[in-house]
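All remarks here apply to the structure that follows.
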Amino acid sequence: MPRHPLKTRELLERVIVINLWCYKTHNKMPSRADITYFGAGPAALPTDVLEAASKALLDYNGTGLGIAEHSHRSELATNIINEAKADLANYLEFSPENYEVIFMQAGGTGEFAASVYNLVGAWVSRQHAALEKELGDDEEAILAALRKKVETELKVDYIVTGGWSLKAYQEAQRLLGPEYVNLVADARTINDGKFGKIPDESTWKLSKDAAYVYFCDNETVDGVEFPVFPSVLTPDANGNGPIVVADMSSNILSRRIPVNNYSLIFFGAQKNLGSTGVTVAILKKSFLPPHVVQPSAPLLRKLGLPIPPIILQYEIVAKNNSLYNTLSIFDVYIAGQVLKKLLNTYPDKVDGQQAVAEKKASLIYGALEAHPDVYRIIPDKTVRSKMNICFRVTKNGDTDETEKSFLKAATVLGLTGLKGHRSVGGIRASNYNSIPLEGAEKLAKFIHDFAKAS
């Protein structure tokens, strides 16, 4: 049969209008069960968690007060925090004896600054202690030697593989000064000025004894994920190696991670853990008192280094069990309920969730790869994220209009939140833990059907 003389886009738009009219005429407006939300964050939360939270918001455990009304200093609040900390350690299988879990505010962006302040502070404290042993009580000599070390040896290392690691790198430059910030690798240099690959480790330019090495494990905007922990950063048999910091905001809880390889892991809750409003830091206890005490504000001034806001000092927040100031206990409660659901769902803990995440990602990527004339997956195959699947709809030469049609048709089917980040455009399916397997199957089928219709 000859093709219809109308343009493909016009045909698709007519189909969408008809489908919308039929849906609104014969059906009520969509319920929560009708929607599969692929937004990048805040992400969807499990319905049963929200149902429990709605009850707790009105009356928590028969107390007559909602959870958001109880004092953050109460025993009730302390129990919620402690349970969430224990469940996180249980699910990811790390030792609470070696790592402190801290609930904070200010999001992942706040942690860009917190990691600079605290880990540079720890570096200064270690250098100061070594100089005291060498020079004794001569404070002037110690200060002079410490200034020289700061000027000649202080470095923080950044591996830039996407928009978020770039922001972290820029924040470190702003706070410390560019002379102290080493760019280990910039993925744009091997990909025509764009993100989408991770440079080979053999090309990385790591500093000697850096205060820390930072990377973003999963780039939410660009769809790039480190497939494994970088071998060049792996500790030796004695546990010695670089001090590694990772932002895992968009892939935490989705796969097994070698926590012992990290000194600091941080993540916003609003992707896989809970609701917007709480940020988590998993910090090696060797960076806390009595092992390391942060330098005083007067010493930092003399060294020309930034003084952290007290609310971003890990040792202060940890000492107060995350309650130095008024923490949103309701948000911690939601995170705790998500963790309990994960533990109840997967007897093998994070490994069970990882298997589901990989299956969902395989379905979606498989559907895209089946139609290379219609879809172009943005990141290189070796570093494709299982959480944020980024692609373009390139059929018919008018990508922008075809993608608008794709999004409209997806919305009719209850597949929402698929528009790419404003900085890069395109389509992004965020395959977080709350997306059921059926949701991934539904999206994969739509990807096939749209390709055939066009």
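This is a predicted model, so every value here is computed, not measured.
- Using modelled atom types, no side-chain atom of Ser165 and backbone atom of Val160 make a donor-acceptor pair closer than 3.5 Å.
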*Checking side chain to side chain contact (heavy atoms under 4.5 Å, CB included) for the pair Val156/Val120: CA distance, chi angles, key distance, verdict?*
CA-CA 8 Å; Val156 296; Val120 168; 3.8 Å; yes

*Evaluate side chain to side chain contact (heavy atoms under 4.5 Å, CB included) for Ile252 paired with Lys271, printing each intermediate quantity in order.*
CA-CA 8 Å; Ile252 194 69; Lys271 317 285 189 182; over 6 Å; no

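- Ionic pairing of Glu93 and Lys349 is present here: one or more N-O contacts between side-chain nitrogen and carboxylate oxygen are shorter than 4.0 angstrom.
- In this structure a side-chain-to-backbone donor-acceptor pair under 3.5 Å is present from Asn191 to Lys194.
- For Phe391 and Tyr365, the ring centers sit 6.0 Å or farther from each other.
- Summarising the geometry of Tyr37 relative to Ile435, their closest heavy-atom pair is O-CD1, 3.1 Å, with the distance given to 0.1 Å.
- Within a 6.0 Å sphere centred on OH of Tyr91, other residues, nucleotides and ligands contribute more than 12 heavy atoms.
- The aromatic ring centres of Tyr99 and Tyr262 sit 6.0 Å or more apart.
- Here the closest non-hydrogen pair linking Cys216 and Glu219 is CB-OE2, 3.5 Å.
- No side-chain heavy atom of Leu339 sits less than 4.5 Å from a side-chain heavy atom of Asn90.
- Considering only heavy atoms from C-beta on, Ile307 comes within 4.5 Å of Arg301 through its side chain.
- Between Ser31 and Asp34, the side chains place a donor N or O and an acceptor N or O closer than 3.5 Å (distance only, hydrogens not considered).
- For the pair Leu443/Thr36, no side-chain contact is recorded, criterion being any heavy-atom separation below 4.5 Å from C-beta on.
- Contact detail for Leu233 and Pro242: the closest heavy-atom pair is O-CD, 3.6 Å.
- Around atom CG of Asp236, more than 12 heavy atoms belonging to other residues, nucleotides or ligands sit under 6.0 Å away.
- In summary, Arg255 and Asp217 engage in a salt bridge, as defined by a charged side-chain N under 4.0 Å from a carboxylate O.
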_side chain to side chain contact (heavy atoms under 4.5 Å, CB included) for Ile310 and Tyr324? Distances and angles first, verdict last._
CA-CA 9 Å; Ile310 199 165; Tyr324 179 77; 3.4 Å; yes

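- The closest side-chain heavy-atom distance from Arg384 to Ile389 is not below 4.5 Å.
- Using a 4.0 Å cut-off between charged nitrogen and carboxylate oxygen, Glu171 and Arg174 count as a salt-bridge pair.
- Salt bridge absent: Glu153 and Lys208 never bring a charged side-chain N and a carboxylate O closer than 4.0 Å.
- Put simply, the side chain of Asp380 gets close to the backbone of Thr382: a donor and an acceptor are under 3.5 Å apart.
- By the 6.0 Å contact criterion, CD on Glu179 is enclosed, its count of non-hydrogen atoms from other residues, nucleotides or ligands being greater than 12.
- A distance of 11.5 Å separates CG of Asn98 from CG of Leu283, quoted to the nearest 0.5 Å.
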*Could you check Lys419 against Arg428 for side chain to side chain contact (heavy atoms under 4.5 Å, CB included), going step by step and ending with a plain yes or no?*
CA-CA 6 Å; Lys419 188 175 182 179; Arg428 174 175 57 176; over 6 Å; no

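- Under a 3.5 Å cut-off, the side chain of Asn272 and the backbone N or O of Leu253 do not form any donor-acceptor pair.
- Listed here is the closest heavy atom pair of Thr220 and Ala40: CG2-CB, 4.1 Å.
- Between the Asn182 side chain and the Lys155 main chain, no donor and acceptor come within less than 3.5 Å of each other.
- In plain terms, the two heavy atoms of Ile35 and Pro30 that are nearest each other are CD1-CB, 4.1 Å.
- Asn325 places a side-chain heavy atom less than 4.5 Å from the side chain of Gln105.
- At least one donor-acceptor pair under 3.5 Å links the side chain of Glu315 to the backbone N or O of Gln294.
- Atom CG of Asp137 is surrounded by 12 or fewer heavy atoms from other residues, nucleotides or ligands within 6.0 Å.
- Atom-to-atom distance recorded for Leu288:CG and Gln313:CD is 11.5 Å, nearest 0.5 angstrom.
- Counting only distance, with no hydrogens or angles, the side chain of Ser434 and the backbone of Pro46 share no donor-acceptor pair below 3.5 Å.
- Side-chain contact between Ile378 and Asp222 is absent, with no heavy-atom pair separated by less than 4.5 Å.
- Looking at Gln353 and Thr345, their side chains never come closer than 4.5 Å, going by heavy atoms from C-beta outward.
- Side-chain contact between Arg147 and Lys302: present, with at least one pair of heavy atoms (C-beta onward) separated by less than 4.5 Å.
- A pairwise comparison of heavy atoms in Pro379 and Cys390 identifies CD-O, 3.7 Å as the closest pair.
- More than 12 heavy atoms of other residues, nucleotides or ligands lie within 6.0 Å of NZ in Lys285, so this atom counts as buried by the packing criterion.
- Of the inter-residue distances, the one linking Leu57 atom CG with Leu65 atom CG reads 11.5 Å to the nearest 0.5 angstrom.
- A salt bridge links Lys381 and Glu369; the closest N-O separation between the charged side-chain nitrogens and carboxylate oxygens is under 4.0 Å.
- When the side chain to side chain contact (heavy atoms under 4.5 Å, CB included) test is applied to Phe103, the partners found at least two apart in sequence or on another chain are Ile81, Ala84, Lys85, Val101, Val278, Val280, Ser322, Leu327, Val332.
- In this structure, a donor-acceptor pair under 3.5 Å is absent between the side chains of Ser254 and Asn433.
- Formation of a donor-acceptor pair under 3.5 Å by the Asp87 side chain with backbone atoms of Lys340 is not found in this model.
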*Show the numbers, then the answer: is there a side-chain hydrogen bond (donor to acceptor under 3.5 Å, both in side chains) between Ser202 and Asp200?*
CA-CA 5 Å; Ser202 64; Asp200 188 272; 2.5 Å; yes

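- Annotation for Arg32: atom CZ counts as buried by contact number, over 12 foreign heavy atoms lying within 6.0 Å.
- The side-chain hydrogen bond (donor to acceptor under 3.5 Å, both in side chains) analysis of residues 109-125, with sequence neighbours excluded, yields the pairs Glu111-Tyr314.
- The backbone N or O of Asn218 sits nowhere less than 3.5 Å from a side-chain atom of Glu225 that would complete a donor-acceptor pair.
- Here Phe267 pairs with nothing under the ring-ring contact (aromatic ring centres under 6.0 Å, His included) rule; sequence neighbours left out.
- In this pair, Tyr214 and Phe266 present their aromatic rings parallel. The plane angle is below 30°, not in the 30 to 60° band.
- Asn238 places no side-chain N or O within donor-acceptor distance of the main-chain N or O of Asn240, the cut-off being under 3.5 Å.
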*asked:* Show, in sequence, the C-alpha distance, side-chain angles and deciding distance for Asn388 and Tyr432, and conclude whether the side-chain hydrogen bond (donor to acceptor under 3.5 Å, both in side chains) test is met.
replied: CA-CA 8 Å; Asn388 305 103; Tyr432 296 137; 3.1 Å; yes

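- Ring-plane geometry between His70 and Tyr60 is classed as perpendicular, the angle between the planes exceeding 60 degrees on a 0 to 90 degree scale with a lower cut at 30.
- Checked for salt-bridge contact, Arg188 and Asp186 meet the test: a charged N lies under 4.0 Å from a carboxylate O.
- With rounding to the nearest 0.5 Å, the separation of CG in Leu303 from NE2 in His128 is 8.5 Å.
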